[in-house]
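Residues take their numbers from the sequence shown, with the count starting at 1. Values below: every heavy atom of this structure, side chains too, minus hydrogens, waters and symmetry copies. Read the numbers this way: they start at 1 and go in the same order the structure lists the ligands and their atoms.
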Amino acid sequence: MMHVTSEATEALKRAASRAAENAYCPYSNFPVGAAALCDNGDIYVGCNVENASYGLTNCAERSALFAAVSDGRGRGDFDALLIYTPGNACHPPCGACRQVMAEFLAPDTPVYAVCDGEAVRVWSMEELLPDTFEYPTREPGE
Ligand code: THU
């Protein structure tokens with residue numbers, strides 16, 4: 001798995017927990033924050049944005065990646081992604097987010113889950129979603 005310094009993961013945790021304060025989650029009351037680290041050191045954050053039509057909710061992970069892409073970042077530009085959830089348990093990302101993450105994160109990119117306690121979990125992108133669906137016209141790894 002690609003290595004990320006503890007200074008970088010601490011910065012990601014601060015950024016993600018701050019982003020969670022902006023979560024729009026009147027239905028679940030579960031504020032989530034995410035922070036994506038780019039290879040030039042830039043950090044993009046996202047929070048969950050819920051909707052009265054529940055299925056339209058955007059998770060924090062997708063919000064962070066979409067913010068990065070909206071600012072010109074792309075496939076392969078990411079060194080790490082970190083997810084912050086409140087409470088004392090780390091929450092792995094949902095299935096929809098895994099597919100979106102796999103679009104932009106290389107298989108060996110680390111994905112961290114942190115919470116208010118000391119617990120930390122980390123997976124490679126490939127561990128979270130092996131055998132990723134790729135668009136039929138794209139060669140694997142392209
Ligand atoms: N949520 C995220 O933001 N990320 C995840 O990986 C799982 C769930 C959000 C969606 C919803 O707003 C709330 O958490 C409860 O499911």
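For Lys13 (side chain) and Cys115 (main-chain N/O), a donor-acceptor pair under 3.5 Å exists by modelled atom type. With hydrogens and angles ignored, the 3.5 Å screen pairs no side-chain donor or acceptor of Glu61 with any backbone N or O of Arg98. Between the side chain of Asp71 and the main chain of Ala68, no donor-acceptor pair closer than 3.5 Å is present.
By the 3.5 Å distance cut-off applied to N or O atoms, Asn48 is counted among the residues near ligand 1. Considering backbone and side-chain N/O of Thr57, none are found under 3.5 Å from N/O of ligand 1. Remark: ligand 1 and Cys94 share an N or O pair separated by less than 3.5 Å (distance only, no angle test). At under 3.5 Å, not a single nitrogen or oxygen of Pro92, backbone or side chain, sits near a nitrogen or oxygen of ligand 1.
Leu81 forms part of a hydrophobic cluster together with Phe30, Val32, Leu65, Phe66, Val69, Phe78, Ile83, Val100, Met101, Phe104, Leu105, Val111, Trp123, Met125, Leu128, Leu129, judged by ILVMFWY side-chain heavy-atom separations under 4.5 Å.
Residues satisfying the salt bridge (Lys or Arg N to Asp or Glu O under 4.0 Å) criterion with Asp42, sequence neighbours excluded, are Arg73.
Comment: Arg75 engages Glu134 in a salt bridge, judged by a side-chain N to carboxylate O separation of less than 4.0 angstrom.
Residue Pro93 places a heavy atom less than 4.0 Å from ligand 1.
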Carefully, step by step, assess Asp108 and Ser124 under the rule side chain to side chain donor-acceptor pair (under 3.5 Å). CA-CA 5 Å; Asp108 64 343; Ser124 67; over 6 Å; no
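Each of the atoms 2 (C), 3 (O), 4 (N), 5 (C), 6 (O) of ligand 1 lies under 4.0 Å from some heavy atom of Glu61.
One option in Ala60, Cys59, Pro31 has a heavy atom closer to atom 7 (C) of ligand 1 than any other, and that option is Cys59.
Closest to atom 12 (O) of ligand 1, if we only count protein heavy atoms, is Glu50 OE2, 2.5 Å.
Distances from atom 16 (O) of ligand 1 to the protein include no heavy-atom value under 4.0 Å.
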